[in-house]
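All remarks here apply to the structure that follows.
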There are 2 protein chains.
Amino acid sequence: MFGAVATPFEVLAEPTRRRILDLLRERPRSVGELTDELGLTQPGTSKHLRVLRDAGLVRVRPDAQRRWYELCPEPLAELDAWLAPYRWMWAGRLDLLEQHLNTMPNGSDSSAARDNPSDHPEPGQPDGRKTEDR
Amino acid sequence: MFGAVATPFEVLAEPTRRRILDLLRERPRSVGELTDELGLTQPGTSKHLRVLRDAGLVRVRPDAQRRWYELCPEPLAELDAWLAPYRWMWAGRLDLLEQHLNTMPNGSDSSAARDNPSDHPEPGQPDGRKTEDR
DNA sequence: GCCGAACATACCAAGTCAGTAATATGTCAG
DNA sequence: CTGACATATTACTGACTTGGTATGTTCGGC
């Protein structure tokens, strides 16, 4: 049943859905375009898009009979929030993280993401995981 | 079949497994302890631990007939790596990013950075199907 | 050696999900 | 209006996952 909204964790468990997001990260795409890239049938693609839409991870912009899907990354913040308390632990392989930080599209103040002010006494570690059920 | 190793994404899609990791983040625990906290049966707990162990997310330290499970956060780096290119996007919640940066213990000036400047994420996981067709 | 504790595995029933095919809706062109 | 195209929805099947009960297996104590 798709009526129940799923958490980003469950939604992203599917490699196909991660690929869709990766494709949409570059530019918005139509369903046919995505279908072609994914090698799926058109209904299969639409179903994945439906799940992503219900989870708030993509947004649709209709243009005539074409639907342009674009990324909507806000729900990923929940994933990031869950991951946050663990992040300091694998400091040994920080290179991996760094490497992908470098893949970020340039511009914008990526320096803000780069700098690492450990002197920042930020109290609010909400640690809030929703811990809901399926 | 549990023989196939799953990606951290699939493993963490289960709320119970995330809870196990959250519990192990505080301190190592025995199976009975986890069973009690999770409200599951002992075999149920063992099965989840098996999945987590296969994914490399936990490690076992046997002590007589007791098994102490402890967190093994390295595979979470894959999740983090996938997430990284998206992180700059939800600039509205930059506070979250900043907050997690603050959880890092110290500078760790990221000396080793780019030995694999790949365009795509998925460092450890082939982006194709995980197993066969359906 | 025997018994109980702690944990793992095997097996089973139920729910869920991915993929495909068939069909419906809606829009543009003529 | 009609036909072609783009997408959504539904129905169905097969595979996988989850949680439970029952049954090993290993270890320590007696």
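Treat the numbers as computed from the prediction; the structure is a model and nothing was measured. Naming: A, B, ... by sequence-line order, numbering from 1 per chain.
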- Query: Between D:dA6 atom P and A:R29 atom CZ, what is the distance in whole Å?
  - Reply: 17 Å
- Calculate the interatomic distance between A:W68 atom CH2 and D:dT7 atom C1'; express it in whole Å. 13 Å
- Message: Please report the distance, rounded to the nearest Å, between CG in A:L34 and C1' in D:dA8.
- Response: 15 Å
- Report the distance from atom CZ of A:R66 to atom C1' of D:dA4, rounded to the nearest whole Å. 13 Å
- Task: Respond yes when some side-chain nitrogen or oxygen of A:H48 is under 4.0 Å from OP1 or OP2 of C:dG19, and no when none is.
- Result: yes
- Item | Gap between atoms NZ and P, on B:K47 and C:dC11 respectively (whole Å) | 12 Å
- Using whole Å, report how far CG of A:L40 lies from C1' of C:dA21. 14 Å
- Which part of the nucleic acid, if any, lies within reach of A:G44 when heavy atoms closer than 4.0 Å are counted: base, sugar-phosphate only, or nothing? base
- Item | Separation of D:dT7 C1' from A:D63 CG (nearest whole Å) | 13 Å
- Salt bridge present between A:D22 and A:R18 (N-O < 4.0 angstrom): no
- Query: According to a strict under-4.0 Å criterion, is A:S46 in side-chain N/O contact with OP1 or OP2 of D:dT7?
  - Reply: no
- Is there a donor-acceptor pair under 3.5 Å between the side chain of B:R17 and the backbone N or O of B:V11? yes
- Query: Taking A:Y86 for the side chain and B:L21 for the main chain, is one N or O donor matched with an acceptor at less than 3.5 Å?
  - Reply: yes
- Task: Remember a base hit wins even if backbone is also touched, and classify B:T45 as base, sugar-phosphate or nothing at under 4.0 Å, heavy atoms.
- Result: nothing
- Candidate nucleotides C:dC28, C:dA6, D:dA8, ranked by approach to the side chain of A:P43 - the nearest: D:dA8
- Message: Please determine whether any donor N or O and acceptor N or O are separated by less than 3.5 Å between the side chain of A:Q42 and the base of D:dA8.
- Response: yes
- Going by atom types alone, do A:E10 and A:T7 pair a side-chain donor with an acceptor below 3.5 Å? yes
- How is A:L49 classified with respect to the nucleic acid when contacts are heavy atoms under 4.0 Å: base, sugar-phosphate, or nothing? nothing
- Item | Distance, rounded to the nearest Å, where A:R67 contributes CZ and C:dC28 contributes P | 11 Å
- Which of B:R29, B:R19, B:R27 passes salt bridge (charged side-chain N to carboxylate O under 4.0 Å, His left out) with B:E37? It is B:R29
- Task: Would you please confirm or rule out a distance under 4.0 Å between OP1 or OP2 of D:dA8 and any side-chain N or O of A:R50?
- Result: no
- Would you say B:T41 reaches D:dG19's phosphate, i.e. side-chain N/O to OP1/OP2 under 4.0 Å? no
- Query: For D:dA8, does either OP1 or OP2 sit under 4.0 Å from a side-chain N or O belonging to A:Y69?
  - Reply: yes
- D:dT18 phosphate, OP1 or OP2: any side-chain N/O from B:R17 under 4.0 angstrom? yes
